[in-house]
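Just so we're on the same page: letters track the sequence lines, and every chain starts at 1. Values below: every heavy atom of this structure, side chains too, minus hydrogens, waters and symmetry copies. Here the structure is a predicted model, which is why all the values come from computation and not from measurement.
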Number of protein chains: 2
Amino acid sequence: MDARQLTYFLAVVDTMNFGRAAEQLYIAQPSLSQAISTLERELGVPLFHRVGRGIVLSDAGAQLIEPARQVVRDLEAARAAARSARGLQRGRVELIAMPSPGMEPLSTLVRDFTADHPAMTVTADAAFTPEEVVQAVKAGRSELGLLGAASPPHTGGLNVLPIEDSRWS
Amino acid sequence: MDARQLTYFLAVVDTMNFGRAAEQLYIAQPSLSQAISTLERELGVPLFHRVGRGIVLSDAGAQLIEPARQVVRDLEAARAAARSARGLQRGRVELIAMPSPGMEPLSTLVRDFTADHPAMTVTADAAFTPEEVVQAVKAGRSELGLLGAASPPHTGGLNVLPIEDSRWS
DNA sequence: AATTGTTACGGCCGACGTAAGAATT
DNA sequence: AATTCTTACGTCGGCCGTAACAATT
């Protein structure tokens with residue numbers, strides 16, 4: 001029993017008609033008939049009683065409806081979780097740095113960052129003064145600035161993060 | 001994304017090791033590697049970061065764990081529901097009946113019963129006196145007796161059910 | 001050298017579609 | 001005759017295993 005079979009089962013339950021369920025699932029009607037038949041054989045219980053040209057839900061089928069809906073719902077929730085996670089991980093980071101602190105901190109930072117977030121793209125620009133760095137970040141031309149100075153200049157409303165340890169994420 | 005992939009994913013999460021997860025799933029390790037790879041491609045997000053010889057859970061992977069566990073749990077619940085339903089529906093009914101009430105009540109009873117419980121097998125034996133019927137049921141040769149008499153004879157500890165309406169289940 | 005994950009490749013099971021059949025209204 | 005489900009059969013995709021490879025400790 002897998003999620004596909006349960007989805008098919010619920011489509012039949014909702015329509016009580018193999019033909020309409022099949023077209024709503026975008027498969028041929030005999031394929032659906034075969035899928036339900038296989039599921040019934042696996043479970044050892046008929047899910048529908050074939051009466052005349054139509055079908056009636058069996059007791060076992062009735063007992064399967066709620067667990068089946070739960071599975072399908074939660075599968076959809078898992079898909080949504082994955083989709084939202086993708087949104088967070090995909091993207092690009094543009095940073096700007098000065099020459100002197102540009103080499104050592106930057107190289108290891110980028111290496112660690114890309115190791116943790118392989119789908120990310122990191123773009124680095126160059127600046128020559130701390131003021132240039134601050135300006136670029138303020139102007140939105142870069143999302144992250146890296147600078148070394150005795151006293152941080154007019155940082156405005158920017159977040160400033162001191163770097164002392166090589167371990168951070 | 002299907003339930004199989006989520007099961008595989010959780011096995012890797014629980015062991016943090018493709019090899020052990022594979023043997024716990026009774027599949028070869030490259031098959032598991034391929035399955036996870038396919039899942040990651042479908043989702044558009046890496047679930048693990050391959051660092052050196054090992055793996056580390058990614059942010060997306062962490063966010064997928066709980067929904068995945070939910071799906072697997074629910075699938076197991078659905079299986080259990082189907083199993084319990086099977087226990088109720090499978091079986092055989094052996095009944096014994098006299099000739100006179102044997103035809104009309106019996107034929108419609110069996111027809112309705114088998115229509116409602118197609119997995120059931122109904123076996124009918126014949127008797128010629130009410131005493132024979134009672135005796136057969138008492139002896140356990142039949143599970144159900146059908147008889148017509150002015151006064152029910154020594155029914156012992158048997159349950160007696162008067163038939164008046166044609167509607168019962 | 002050993003451990004661990006990936007790539008390459010081939011076989012096989014099963015899901016699906018088309019066509020034909022059976023049963024009911 | 002029309003509707004509805006089932007059976008028969010062929011095709012194709014994808015899951016899995018074996019073998020070979022790559023990378024790290």
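At whole-Å resolution of the value, CG in B:Leu39 and C1' in D:dG14 are 15 Å apart. Distance NE2 (B:His49) to P (D:dT24): 16 Å, rounded to an integer number of Å. D:dT7 atom P lies 14 Å from atom CD1 of A:Ile36, rounded to whole Å. As rounded to whole Å, 11 Å separates atom P of C:dT4 from atom CD1 of B:Ile55. In this structure, the CD atom of B:Glu40 is 8 Å from the P atom of C:dT6, given to the nearest Å. Separating the CG atom of B:Leu25 from the C1' atom of D:dG17 is a distance of 15 Å, rounded to the nearest angstrom. Taking atom CD of residue B:Glu23 and atom C1' of nucleotide C:dT3, one finds them 14 Å apart after rounding to whole Å. In this structure, the CZ atom of A:Phe9 is 18 Å from the P atom of C:dA15, given to the nearest Å.
Between A:Asn17 and D:dT3, a side-chain N or O to OP1/OP2 separation shorter than 4.0 Å is absent. The side chain of A:Tyr26 contributes no N or O atom lying less than 4.0 Å from OP1 or OP2 of C:dA15. Look at B:Ser31 and you'll find a side-chain N or O under 4.0 angstrom from OP1 or OP2 of D:dG17. Phosphate contact (OP1/OP2 of C:dC16, side-chain N/O of A:Arg4, threshold under 4.0 Å): present. Applying the 4.0 Å criterion to OP1 and OP2 of C:dG5, one finds that B:Ser33 has every side-chain N and O outside that range. Distances shown here put a side-chain N or O of B:Arg50 below 4.0 Å from the OP1 or OP2 atom of C:dT6.
Annotation: of the two residues near DNA chain C, A:Tyr8 and A:Arg53, the 5′-most nearest-nucleotide partner is A:Tyr8. Comparing B:Gln34 and B:Gln29 by the nucleotide of DNA chain C whose heavy atom lies nearest to each, the residue mapping closer to the 5' end is B:Gln29.
Classification of the A:Phe48-A:Phe9 ring pair by plane angle, with boundaries at 30° and 60°, yields tilted.
Between the side chain of B:Gln29 and the backbone N or O of B:Ala22, no donor-acceptor pair lies under 3.5 Å. In this structure a side-chain-to-backbone donor-acceptor pair under 3.5 Å is missing from B:Ser37 to B:Ser33. Side-chain atoms of B:Gln70 never come within 3.5 Å of backbone atoms of A:Ala78 as a donor-acceptor pair (strictly under, hydrogens ignored).
Ion pairing between A:Glu76 and A:Arg79 holds under the 4.0 Å rule for side-chain N and carboxylate O.
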